[in-house]
Amino acid sequence: MKKLLFLFDTDPFVSVFDTVVAYDGGADRVTGYADVTPKTVGPLVDGTIFTRGGKDKQNTAIFVGGGDMAKGEELFEAVKKKFFGPFRVSIMLDSNGSNTTAAAGVALLAKSGKLKGKKAVVLAGTGPVGMRAAALLAQEGAEVTLTSRSKERADNAAKAVEKRFGVKVTPLVAKDDDARGKAVKDANIVFAAGAIGCQLLKKSDWQNNANIEMLADVNAQPPLGIEGIEATDKGKDYDGKLVFGALGIGGLKLKLHRGCIKQLFESSEGVLDAEEIYKLAKDMA
Ligand code: NAP
């Protein structure tokens, strides 16, 4: 029986990245729907849960993606609400690679050093990846600050993380390089989660900072999020500071993403969100 993966994307176009990884993760056929909302998703879910019975059902699965974390979470909840009794299929949430990227980055940090009790700053932490990274770091017991160029976005992201994960993260406005340099002054861990091609932190602001022990950056396109590192760094030691660049994290991210897709087809009851994906990331790291 063919393994069918349905991508429900909250964006106007279905993610090419998610489509490719879905095939690489073991799907035989990937069908994507764009601009899906909680209002329109009902009949799509019905098509997945009423068509195959018993063990055959595990060959159908749903992946929720798109560039907006809040919309992705709402859609994911709406899909789950449609399930009842045995009428369910495995589902995964990974808006903009949020869960898999943040989980891979934080798992590599957790494997390399202590997170509990450390001061962590997630730079530009208002996007899908940054919000998930902030939540996972806080769940590991770090004291987390999340920065944004806008107070409203920082506050909203911190509130959303607290609502979803029950952990507190501190919102902080940092509009430019100098402000972000100040934001990491007391930090032990820096996680740069800015948009592609955006530099967030100058070399002098981390290399001369004795408090910083570990840094991670998920932006792979030059200029990198953290000046003075290499995208390929994977636990590279810069005078006692361990650094993970976007490609250093990306290897585990892709392995994890593919592993999650494989897992979706192992039962019809899988629910893969941040917690489950992070657990798998720690096993794989
Ligand atoms: P995003 O939503 O596109 O951007 C994150 C935040 O960056 C935004 O919320 C914004 O924060 C800030 N930002 C945007 N333009 C900026 C600028 N010019 N200067 C300073 N800050 C700026 O990012 P995402 O989807 O969460 O992804 C985060 C990063 O992970 C991206 O670089 C993406 O390419 C990367 N990624 C990596 C992998 C991997 O495997 N390595 C996988 C997936 C994604 P404010 O407006 O609040 O300041």
Side-chain angles (χ1 to χ4, degrees), residues 97-125 127 129-147 161 165 167-170 172 174 177 179-194 198-220 223-253 255-256 274 277-285:
S98 52
N99 280 328
T100 49
T101 309
V106 177
L108 287 169
L109 293 173
K111 192 186 163 206
S112 309
K114 201 176 140 199
L115 301 181
K116 196 173 169 59
K118 299 288 181 181
K119 288 187 175 150
V121 175
V122 181
L123 295 171
V129 177
M131 286 167 69
R132 280 322 204 222
L136 295 175
L137 286 164
Q139 286 195 323
E140 285 283 8
E143 199 183 300
V144 181
T145 298
L146 164 163
T147 78
V161 168
F165 292 92
V167 290
K168 279 215 179 297
V169 305
T170 305
L172 180 74
D177 280 355
R180 287 185 289 264
K182 280 192 193 121
V184 304
K185 225 167 166 217
D186 297 326
N188 310 118
I189 295 159
V190 175
F191 194 110
C198 284
Q199 184 184 300
L200 300 173
L201 194 62
K202 286 188 294 187
K203 196 172 12 177
S204 54
D205 284 324
W206 65 273
Q207 290 191 347
N208 303 328
N209 182 330
N211 295 318
I212 295 178
E213 298 163 14
M214 295 194 284
L215 301 98
D217 176 20
V218 285
N219 163 28
L224 302 179
I226 300 176
E227 187 187 29
I229 71 164
E230 298 289 335
T232 48
D233 289 342
K234 193 172 177 187
K236 187 168 168 191
D237 191 325
Y238 286 78
D239 285 332
K241 302 180 196 312
L242 298 184
V243 172
F244 294 88
L247 300 179
I249 295 169
L252 177 59
K253 180 246 143 65
K255 195 170 140 196
L256 177 62
I277 294 172
Y278 183 54
K279 190 172 175 297
L280 198 56
K282 284 182 100 173
D283 292 342
M284 285 182 169

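- If you take OG on S112 and CG on D237, they are separated by 11.0 Å, rounding to the nearest 0.5 Å.
- Residues I229 and G245 approach most closely at CD1-CA, 4.1 Å, considering heavy atoms.
- Residues L172 and A183 come closest through the heavy atom pair CD2-CB, 3.6 Å.
- In plain terms, the two heavy atoms of K234 and L108 that are nearest each other are CE-CD2, 4.2 Å.
- The main-chain N or O of K203 is found under 3.5 Å from a side-chain atom of E227 such that the two form a donor-acceptor pair.
- The heavy-atom pair separating F165 from A135 by the smallest distance is CD1-CB, 3.4 Å.
- Between the side chain of T232 and the backbone N or O of G248 there is no donor-acceptor pair closer than 3.5 Å.
- You'll find the side chain of D239 stays beyond 4.5 Å of the side chain of Q207, heavy atoms only.
- Within the 3.5 Å criterion, the main-chain N or O of Q199 finds no donor-acceptor partner in the side chain of N219.
- The two residues A187 and V121 make their nearest non-hydrogen contact at CB-CG2, 3.7 Å.
- Interatomic distance, L201 CG to I212 CD1, rounded to the nearest 0.5 Å: 6.5 Å.
- For K253 (side chain) and A104 (main-chain N/O), no donor-acceptor pair under 3.5 Å exists by modelled atom type.
- Applying side-chain hydrogen bond (donor to acceptor under 3.5 Å, both in side chains) to R132 and the options T100, N99, T101 leaves one that passes, N99.
- Considering only residues two or more places apart in sequence or on other chains, D177 meets the salt bridge (charged side-chain N to carboxylate O under 4.0 Å, His left out) condition with R180.
- F191 is not listed as a side-chain neighbour of V144, based on a closest heavy-atom distance of 4.5 Å or more.
- In this structure, K114 NZ and M214 CE are separated by 11.0 Å, a value rounded to the nearest 0.5 Å.
- One N or O on the side chain of D217 and one on the backbone of G225 form a donor-acceptor pair closer than 3.5 Å.
- A 6.0 Å sphere centred on NZ of K255 holds no more than 12 heavy atoms belonging to other residues, nucleotides or ligands.
- The residues E213 and K118 are annotated as salt-bridged, a charged nitrogen and a carboxylate oxygen being separated by less than 4.0 angstrom.
- Here the shortest heavy-atom pairing between A216 and I249 reads CB-CD1, 4.0 Å.
- Distance check: T170 OG1 to K119 NZ gives 10.5 Å after rounding to the nearest 0.5 Å.
- For K241 (side chain) and N209 (main-chain N/O), a donor-acceptor pair under 3.5 Å exists by modelled atom type.
- For the pair V122/L137, a side-chain contact is recorded, criterion being any heavy-atom separation below 4.5 Å from C-beta on.
- Put simply, CG on L215 and CG on D233 are 10.0 Å apart, with the number rounded to the nearest 0.5 Å.
- Residues I226 and W206 meet the side-chain proximity criterion, which asks for heavy atoms closer than 4.5 Å.
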